[in-house]
**Q** 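Got a structure for you, questions after.
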Amino acid sequence: MNLFAEIRSLVNDSLQQMQAQGDLPDGLSFDAVTVEPPRDAAHGDMATNAAMVLAKPSRCKPRDIAQRLATLLSADPRLASVEVAGPGFLNLRLASTLWADVLRAILADPSGYGRATVGAGIKVHVEYVSANPTGPLHVGHTRGAVFGDALASMLDFAGYDVTREYYINDGGAQVDVLARSVYLRYLEAHGQEVAFEDGTYPGDYLIAVGQALKEKVGDSYLGKGEQFWLEDVREFSTLAMMELIREDLLALGVKMDVFYSEKSLYGTGLIEAAIEDLKSKGLIYQGVLEPPKGKKPEDWEPREQTLFRSTDHGDDVDRPVQKSDGSWTYFAPDIAYHYDKVQRGFDQLIDVFGADHGGYVKRMKAAVSALSNDKTSLDIKLTQLVKLFKNGAPFKMSKRAGTFVTLRDLVDQVGADATRFVMLTRKNDAPLDFDFDKVMEQTKENPVFYVQYAHARICSVMRKAQLAGVAVEDAVLQAADLAGLTDAAELTLAAKLAEFPRLIEIAARSNEPHRIAFYLYDLASEFHALWNKGNEHPELRFLQEGNLATSQAKIALIRATAVVISNGLGILGVQPAQEMR
RNA sequence: GGUCCCGUAGCUCAGCUGGAUAGAGUACUCGCCUCCGAAGCGAGGGGUCACAGGUUCAAAUCCUGUCGGGACCA
């Protein structure tokens with residue numbers, strides 16, 4: 001049940017009726033008409049801007065339209081009052097029975113409440129993490145992983161057909177470096193002294209891989225040249241790293257549908273096919289790029305190479321796909337990968353990248369636009385840096401000094417739930433401060449705690465109610481007489497619950513899961529307020545001794561609140577707490 | 001030099017793809033436990049929404065430019 005959608009369509013119907021009666025001209029678009037909660041609660045439960053939006057195209061005075069619309073709307077039993085206000089707003093007050101309907105709808109189908117249909121029939125592909133398979137995931141990857149995962153879950157909740165995918169960059173020079181590094185560890189496992197020069201990965205996590213390699217191949221690679229072992233060690237090491245990464249993701253609660261290998265693009269003709277597709281559209285040519293503006297780099301010289309005319313699709317300069325020696329640039333496999341996504345029939349693509357990939361956005365969008373003839377949309381979400389703090393002081397990461405914070409460090413220290421929630425309390429494109437101590441704090445300053453505390457309190461009341469002999473099953477609560485819920489704080493809470501489906505739609509449309517985290521904080525706040533109001537007004541306490549019916553009505557309200565918190569947290573991948581410890 | 005992101009209360013940040021008197025947290029002042037978890041709640045002060053133009057019934061929100069901060073490319 002989506003109250004806002006219902007009233008929105010009621011407004012729409014009424015507007016059409018006005019057209020039929022000749023009060024409004026034909027051919028008007030109602031797209032700009034909104035029904036939303038007013039900022040000021042004194043203005044009622046909902047407000048619509050219909051009259052103001054339609055005034056100009058219909059050449060009527062806004063207040064006249066508002067007046068006629070108000071007359072039509074007020075005939076509907078769902079609306080208790082309709083008032084024209086200000087320049088032509090219509091302020092709507094809902095019949096009090098509607099709030100009870102919302103609660104009953106929540107209790108009738110708890111796990112389904114808030115699910116939307118905005119994404120029905122739309123196939124969306126979300127690519128995230130996609131870290132190089134050269135080591136464990138670190139803090140930066142964690143943010144991308146959490147964001148992408150929550151985004152995918154949210155889209156799923158909003159009705160989209162979602163595919164979650166990890167692109168394994170196992171085709172570039174970095175996996176050769178990995179192989180050489182593992183080879184050093186292999187020599188070490190054979191008792192040799194080794195030195196890790198620049199351009200190798202000295203991390204301890206490769207010790208076990210070198211050991212495992214020794215167990216697999218014995219001494220057969222000792223004293224041999226690179227041409228003899230590189231390919232096999234590369235394969236072996238990449239697999240080991242992906243195993244490590246999968247475990248990291250699992251610890252964070254991130255699941256992928258597909259792991260897609262870059263290497264699998266080579267030798268299958270896919271890259272050639274993608275470039276051929278662009279060529280057939282006249283977007284591939286031989287040419288020489290202009291030197292970069294500003295300071296000329298020392299080693300720049302004009303070279304003829306194969307270029308993609310990305311400027312035809314919004315890019316700033318054309319991009320090379322093949323170097324003068326015939327080898328592919330790093331961009332070519334990326335094109336091929338997205339070509340493959342388009343071929344797989346997705347309607348929408350979303351790439352979640354770190355902010356350091358900001359430079360690729362325009363060319364990737366150009367590629368997808370060209371490859372799909374603008375039929376497939378590509379949204380690229382960049383996640384900004386995570387700044388770590390300990391005891392309020394910035395905490396510098398350094399691979400060299402070994403103060404390198406991994407995903408595991410985070411999860412081990414603060415838990416997957418807190419890590420995930422905190423990472424979602426900022427917009428993806430804003431930098432994030434992650435304070436180890438604050439995340440663990442049990443105060444309202446810590447949003448994870450605050451939301452969990454609300455849920456735990458509700459569970460606590462439910463436990464107490466059961467001990468007192470009050471039936472609290474959803475089926476029983478649904479049948480309760482909810483007419484007694486009349487206090488302002490109770491109705492505010494119910495109104496907040498009614499907003500949830502609308503919030504999901506808004507958040508899903510803009511690919512912004514952080515909105516859910518903020519909503520949950522607000523919801524928790526309304527709940528805590530109501531709880532405390534019970535201190536001064538005993539009649540607002542949830543358990544009313546000796547009054548079974550009233551208790552059940554109030555418990556229906558907070559049980560519905562717990563359901564929404566639980567659904568919201570579920571999208572973010574966070575377990576709701578039954579009790580605080 | 002170019003591209004992208006950001007600039008909102010002392011501090012950290014929301015702000016519904018354009019709506020009414022711009023909101024939370026924190027900090028400061030004051031009040032609330034004989035009571036379902038006070039790990040909480042309520043009240044108060046605090047703003048030129050970086051700046052200047054533009055678009056319109058309406059701009060923190062959209063467009064242009066300037067300044068400041070960050071990320072990246074060369």
Side-chain angles (χ1 to χ4, degrees), chain A residues 4 32 34-40 42-43 47-49 51-53 55-56 61-63 85-89 91 289 291-300 315-317 353-363 380 382-385 387 389 425-433 435 438 441-447 449-450 452-454 456-465 467-468 470 489 499 502-503 505-507 509-510 512 514-515 517-519 521-522 524-525 527-538 540-545 551 554-555 558 579-581:
Chain A
F4 287 88
T34 61
V35 173
E36 51 190 18
R39 221 189 321 248
D40 188 344
H43 291 141
T48 178
N49 61 355
M52 283 176 300
V53 179
K56 190 157 200 188
K61 286 182 193 157
R63 290 197 63 109
F89 282 103
N91 289 333
L289 280 179
K293 298 213 168 92
K295 266 197 308 219
K296 222 188 235 182
E298 310 264 319
D299 57 348
W300 193 89
D315 202 357
D316 304 313
V317 289
F353 292 156
D356 53 341
H357 287 67
Y360 304 148
V361 171
K362 283 191 178 178
R363 73 192 69 168
I380 298 184
L382 301 177
T383 54
Q384 273 292 343
L385 293 183
K387 279 185 248 167
F389 287 81
T425 51
R426 282 293 100 94
K427 280 183 295 205
N428 59 287
D429 51 12
L432 170 78
D433 290 349
D435 190 316
K438 217 166 254 179
E441 247 173 45
Q442 306 220 326
T443 68
K444 65 179 300 193
E445 202 185 338
N446 177 2
F449 165 78
Y450 190 69
Q452 293 282 31
Y453 184 34
R457 270 182 154 176
I458 294 171
C459 293
S460 168
V461 175
M462 307 262 300
R463 284 191 293 267
K464 288 233 153 82
L467 286 177
V470 182
E499 273 181 43
R502 180 171 176 274
L503 172 92
E505 286 183 8
I506 291 168
R509 257 201 300 271
S510 51
E512 292 183 337
H514 76 275
R515 289 178 190 274
F518 282 94
Y519 168 82
Y521 188 91
D522 284 348
S525 176
F527 168 75
H528 289 305
L530 176 58
W531 175 293
N532 273 84
K533 232 178 151 184
N535 288 341
E536 271 186 67
H537 307 276
L540 288 178
R541 293 179 199 165
F542 307 127
L543 280 174
Q544 296 290 324
E545 208 165 327
S551 296
K554 293 183 186 303
I555 290 173
I558 61 168
E579 57 182 333
M580 305 308 294
R581 280 176 292 170

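Numbered from 1 within each chain, the chains take letters A, B, ... in sequence-line order. Hydrogens, waters and symmetry mates are skipped; everything else that's a heavy atom, side chains included, is used. Quick caveat: nothing in here was measured; it's all calculated off a predicted structure.
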**Q** Between A:Thr48 and A:Arg541, which residue's closest nucleotide on RNA chain B lies nearer the 5′ terminus?
**A** A:Thr48
**Q** To the nearest 0.5 Å, what is the distance between NE2 on A:His528 and OH on A:Tyr450?
**A** 4.5 Å
**Q** For the pair made of CG in A:Asn428 and C1' in B:G70, what is the distance, rounded to whole Å?
**A** 15 Å
**Q** For B:C41, does OP1 or OP2 lie under 4.0 Å from any side-chain N or O of A:Lys533?
**A** no
**Q** Among B:A24, B:C4, B:U56, which nucleotide has an atom closest to any side-chain atom of A:Lys56?
**A** B:U56
**Q** Could you tell me whether the phosphate oxygens of B:U12, OP1 or OP2, come under 4.0 Å of any side-chain nitrogen or oxygen in A:Arg426?
**A** no
**Q** Quick one: label A:Phe518 by what it contacts on the DNA or RNA (base, sugar-phosphate, nothing), any heavy atom closer than 4.0 Å.
**A** sugar-phosphate
**Q** Would you call the rings of A:Tyr453 and A:Phe449 parallel, tilted or perpendicular if under 30° counts as parallel and over 60° as perpendicular?
**A** parallel
**Q** Provide, to the nearest angstrom, the distance between the CG atom belonging to A:Asn535 and the C1' atom belonging to B:G31.
**A** 13 Å
**Q** Out of B:C41, B:G19, B:U17, which has the shortest distance to the side chain of A:Ser510?
**A** B:U17
**Q** Which nucleotide in the set B:A14, B:A38, B:U12 lies at the smallest distance from any side-chain heavy atom of A:Ala430?
**A** B:A14
**Q** Which part of the nucleic acid, if any, lies within reach of A:Ser460 when heavy atoms closer than 4.0 Å are counted: base, sugar-phosphate only, or nothing?
**A** base
**Q** Can you measure from CZ (A:Arg457) to CE (A:Met580) and round to the nearest 0.5 angstrom?
**A** 11.0 Å
**Q** Any side-chain N or O of A:Lys444 less than 4.0 Å from the OP1 or OP2 oxygen of B:G25?
**A** yes
**Q** Would you indicate what A:Ala529 reaches in the nucleic acid, counting non-hydrogen atoms under 4.0 angstrom: base, sugar-phosphate, or nothing?
**A** sugar-phosphate
**Q** For A:Val35, answer base if it contacts any base atom (sugar-phosphate contacts may also be present), sugar-phosphate if it contacts only those atoms, and nothing otherwise; contact means non-hydrogen atoms under 4.0 Å.
**A** nothing
**Q** Rounded to the Å, how far apart are A:Lys362 NZ and B:U3 P?
**A** 7 Å
**Q** On a whole-Å scale, what distance lies between the C1' atoms belonging to B:C49 and B:G18?
**A** 15 Å
**Q** Please measure how far the P atom in B:G15 lies from the corresponding atom in B:C33, and state the result in whole Å.
**A** 37 Å
**Q** When the C1' atoms of B:U66 and B:G7 are compared, how many Å lie between them, rounded to an integer?
**A** 14 Å
**Q** Counting side-chain heavy atoms from C-beta on, which of B:C16, B:C36, B:C41 comes nearest to A:Pro37?
**A** B:C16
**Q** At 4.0 Å (heavy atoms only), tell me whether A:Asp356 reaches a base, stays on the sugar-phosphate, or touches nothing.
**A** sugar-phosphate
**Q** Rounded to whole Å, how long is the line connecting atom NZ of A:Lys387 with atom C1' of B:C13?
**A** 13 Å
**Q** Kindly point out which of B:C36, B:G40, B:C72 is positioned nearest to the side chain of A:Phe449?
**A** B:G40
**Q** Quick one: which of B:C4, B:C16, B:C41 gets closest to the side chain of A:Glu36?
**A** B:C16
**Q** Taking the nucleotide of RNA chain B with the closest heavy atom to each, which residue, A:Glu445 or A:Ala47, is nearer the 5' end?
**A** A:Ala47
**Q** For B:A38, does either OP1 or OP2 sit under 4.0 Å from a side-chain N or O belonging to A:Trp531?
**A** yes
**Q** With no angle test and no hydrogens, is the base of B:G42 tied to the side chain of A:Asn532 by a donor-acceptor pair under 3.5 Å?
**A** no
**Q** Looking at B:G15, I'd like to know if its phosphate oxygens (OP1 or OP2) sit under 4.0 Å from a side-chain N or O belonging to A:His514.
**A** yes
**Q** Would B:C33 be called syn or anti, given that syn covers angles within 90° of 0?
**A** syn
**Q** In whole Å, what is the span from the CD atom of A:Glu512 to the P atom of B:C16?
**A** 9 Å
**Q** Using OP1 and OP2 only, check whether a side-chain N or O of A:Arg363 sits under 4.0 Å from B:C73.
**A** no
**Q** Return the nucleotide paired to B:C33: Watson-Crick means purine N1 to pyrimidine N3 with N6-O4 or O6-N4, wobble means G-U with N1-O2 and O6-N3, both under 3.5 Å.
**A** none
**Q** Check the phosphate of B:C41 against A:Tyr450, side-chain N and O only, distance under 4.0 Å to OP1 or OP2. Yes or no?
**A** yes
